[in-house]
Amino acid sequence: MGPSRPGSPTPSPATPTGRRSSPMGDPYEIGTGEHRAFWADAAADEVETRVGDPGEPIVIKGGVSPSGVPHLGHFNEIMRGYFVAEALRERGYGVRQVFTTDDRDRLRKLPRKLADLEWNVVGLGEVDAGALGRNLGNPYTDIPDPFGCCDSYGAHFTELLRRSAAAIGVPIETVSNTEQYESGGFDEAIAHVLENRETAREVLGEFQNKVDEEYVPFFAQCSECGHLTETITDVDLDAETVGYVCADVTAGDETIEGCGHEGTATFREGKLPWRFEWPAQWVTLGVDFEPFGKDHAEGSWPSGETIAREVFGLEPPVPMVYEWFTLNGEALSSSAGNLITVAEVLELLEVEVLRYFFTKNPQKQRDFDVGSLDRLVDEFDRFEAIYFGDVEADDTETELAERAYPMVAPENAGRDDRPIRIPYTFAAVLGMTDDRDLRVRMARRSGHLPENAAESEIDAALERVGKARAWAVRTDNAFNYRLAETLPDVEFDPATAAALDELADFISAESPDEGTLQEEIYETARRNDVPVGDLFEAGYRLFLDEDEGPRLGPFLAAMEESFVVDRLRRDR
RNA sequence: GGGCCGAUAGCUCAGUCAGGGAGAGCAUCUGGCUCUUAACCAGACGGUCGGGGGUUCAAAUCCCCCUCGGCCCGCCA
């Protein structure tokens, strides 16, 4: 389905198969031809058809404006490209994954939340908001870092992006737009656009009504106030300069006032408008594949690919649209402050689980529901188990696991042994105590740790406990409980008290295994005429100060016997 | 108003590109494990495939219309 553009004279005709043929690249059409279990292979198929010089590496690009705290949504730009890059590398191609930071863009509004380099998220009020406000309209790289640690506002948030890419284990080359402009990397593209500004006007005019005779596709930076102005009065191609007036600029609902200065700027002292800047990046970086969000699918992409062809004479990269994520059902937004950073996510999940999240079909909107993360982790565990052949699955699931797992967890793929995975909710249960030995005993008794597991394997498996515990605390769900270190304030009726004492005596005398102990709880309750449920509840109250908990027999059997006995007797 | 993406079991989703059997996991229920307690095993229940129309011997799948959620069609990016 080719995106039709306003003013397009010929609607795409239907082909006999029902699909429309179109000279335009369809950013929703990821891959044609044979069926692929993994979307990244379908995209890679498409990229392969446009490979030129086999000696040159394939270039896959993503990019964002460093406008605020990088959040989960931004990782589409990295992970979607990453999986396609890996699919191509696996086929023997050299691939560069570059990431452009659009840091010469204007700061248009103040974000509600910022974060320092350690990912501590703070409100706007905790930094010098006034200093930021005075910089509205200026390029991100010209604004002082509100935290004072990086060269600029743009550099600060670019650094956070770089760190989160590293945290998720994806090697990317970041390319700063500002540096590209300053070093002259865009000179040729700018000269080309300005030289052909008649064509540029015509082409952009097909997509945007406001393009008039005066329109010049370049913004100059005012030498007096630093604002980017759109009012270009003169173009000197030989000198590679433009004349400008620093006029008011409308950005969204706000008007950014210009200072009125009239001056001259070089091509390195300004920027291309986005609709031209994007194709200019393709030209200068030789981009072959680029994923982008649905917001670009109907506006930027059709104009971009047309500009690429008709202004730059360039075959645009293979496009791919991804749908947006929501967070707990709400739109993600840096500026509104509804966000979760990768650092936060990685406190709750192993990195391979997060990477797995991105193997799902990019064309479906997905909710990242923190409350249901256990389901995501369970799904990953199954995915992994299918890869290792430990569970049966249908062909589609099996193909996907075989293909994608090595890209999700390359350090585990191909190993004879596989990582031990404690189910996430059970790991949350283990989070009730910080005692490693107790965790190990409980996990063993529940069958989640093989008896012969090596210490290093156990340590690796227990890493999930801290994350699951963080999840239980963050969501304050049913798994958020702790082993009561001291005796909770409790009172029991005489029958229950007697039953608890008997149970203590039994454990002291018999040192029962978990099954025997579980059975004895029932027996003790019946002997003392206490409803079974009441005795269980008394147990949970004593040890967890909760009404419910994990299976009591294995739980008590796993703990140090003298402690259990004393606690049942309400001694400590 | 026009264009685009999505909607499949209670929940999370696969299957749609290539038309033919309504699927998986979880949850629930039942049974089992000397046992109501976040473990484990077995089985069962569960669907107008968002709605309607069309094409076809046959439609979740192709075509048209509609509903709902999201995006784009000003500027900016």
Self-check item: Validation row: A:Phe157, A:Thr101 side chains within 4.5 angstrom (heavy atoms)
Solution: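 The answer is no; the side chains never approach within 4.5 Å.
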
Quiz item: So, does the side chain of A:Arg551 form a donor-acceptor pair with the base of B:C35 at under 3.5 Å?
Solution: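 Indeed there is one.
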
Return the residues of [range] meeting this criterion: a heavy atom under 4.0 Å from some atom of RNA chain B. Order them by number, or give none.
range	answer
residues 352-360 of chain A	none
residues 531-540 of chain A	A:Val532, A:Gly533, A:Phe536, A:Tyr540
residues 374-383 of chain A	A:Arg375, A:Glu379, A:Arg382

Self-check item: Short side-chain to backbone donor-acceptor contact, A:Gln365 and A:Trp324, under 3.5 Å
Solution: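 Looks like no, no N/O pair under 3.5 Å.
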
Mind checking [X] for me? I need base, sugar-phosphate or nothing, with any heavy atom below 4.0 Å counting as a touch.
X	answer
A:Pro550	base
A:Asp369	nothing
A:Asp394	nothing
A:Lys271	sugar-phosphate
A:Tyr322	nothing
A:Arg366	sugar-phosphate
A:Gln365	sugar-phosphate
A:Gln518	base
A:Ser65	sugar-phosphate

Determine, for [X] against [Y], whether the closest basic-nitrogen to carboxylate-oxygen distance falls under 4.0 angstrom.
X	Y	value
A:Asp545	A:Arg482	no
A:Arg526	A:Glu523	yes
A:Arg444	A:Glu451	yes

For [N], what is the paired nucleotide under Watson-Crick or G-U wobble rules, both distances under 3.5 Å?
N	value
B:A7	B:U67
B:C57	B:G20
B:G46	none

Quiz item: Per the side-chain contact (heavy atoms from CB on, under 4.5 Å) rule, which among A:Ile507, A:Leu542, A:Leu517 passes with A:Val564?
Solution: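 Single side-chain contact (heavy atoms from CB on, under 4.5 Å) partner of A:Val564 among A:Ile507, A:Leu542, A:Leu517: A:Ile507.
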
Name the closest nucleotide to the [X] side chain, picking from [options].
X	options	result
A:Ala478	B:C76, B:U36, B:A38	B:A38
A:Tyr522	B:A77, B:C35, B:A38	B:C35
A:Asp105	B:C71, B:C75, B:A77	B:A77
A:Lys364	B:C4, B:C35, B:A7	B:A7
A:Thr396	B:G15, B:U37, B:A77	B:G15
A:Arg526	B:C71, B:U36, B:C76	B:U36
A:Arg275	B:A77, B:A38, B:G70	B:A77
A:Phe219	B:C76, B:G3, B:A38	B:C76
A:Gln208	B:C75, B:A14, B:C4	B:C75

Exercise. Identify whether NZ of Lys or CZ of Arg in A:Arg106 sits under 6.0 Å from the centre of the six-membered ring of A:Phe219 and within 45° of that ring's axis.
Key: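 Pair A:Arg106/A:Phe219 counts as cation-pi.
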
Quiz item: In terms of the nearest nucleotide of RNA chain B, which residue is placed more toward the 5' end: A:Val211 or A:Phe479?
Solution: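 Checking each residue's closest nucleotide, the 5'-ward one belongs to A:Phe479.
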
Self-check item: Test salt bridge (charged side-chain N to carboxylate O under 4.0 Å, His left out) applied to A:Asp390 - qualifying residues, sequence neighbours left out
Solution: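 With sequence neighbours excluded, A:Asp390 shows a salt bridge (charged side-chain N to carboxylate O under 4.0 Å, His left out) to A:Arg418, given in chain and number order.
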
Quiz item: Of all residues at least two apart in sequence or in a different chain, which pass the salt bridge (charged side-chain N to carboxylate O under 4.0 Å, His left out) check with A:Glu397?
Solution: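 Applying salt bridge (charged side-chain N to carboxylate O under 4.0 Å, His left out) to A:Glu397 gives A:Arg382.
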
Quiz prompt | Partner set under ring-ring contact (aromatic ring centres under 6.0 Å, His included) for A:Phe536, not counting sequence neighbours | solution =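 For A:Phe536 the ring-ring contact (aromatic ring centres under 6.0 Å, His included) partners, ignoring immediate neighbours, are A:Tyr522.
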
Quiz item: For the pair made of CG in A:Asp26 and C1' in B:C4, what is the distance, rounded to whole Å?
Solution: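 The distance from CG of A:Asp26 to C1' of B:C4 comes to 9 Å, rounded to the nearest Å.
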
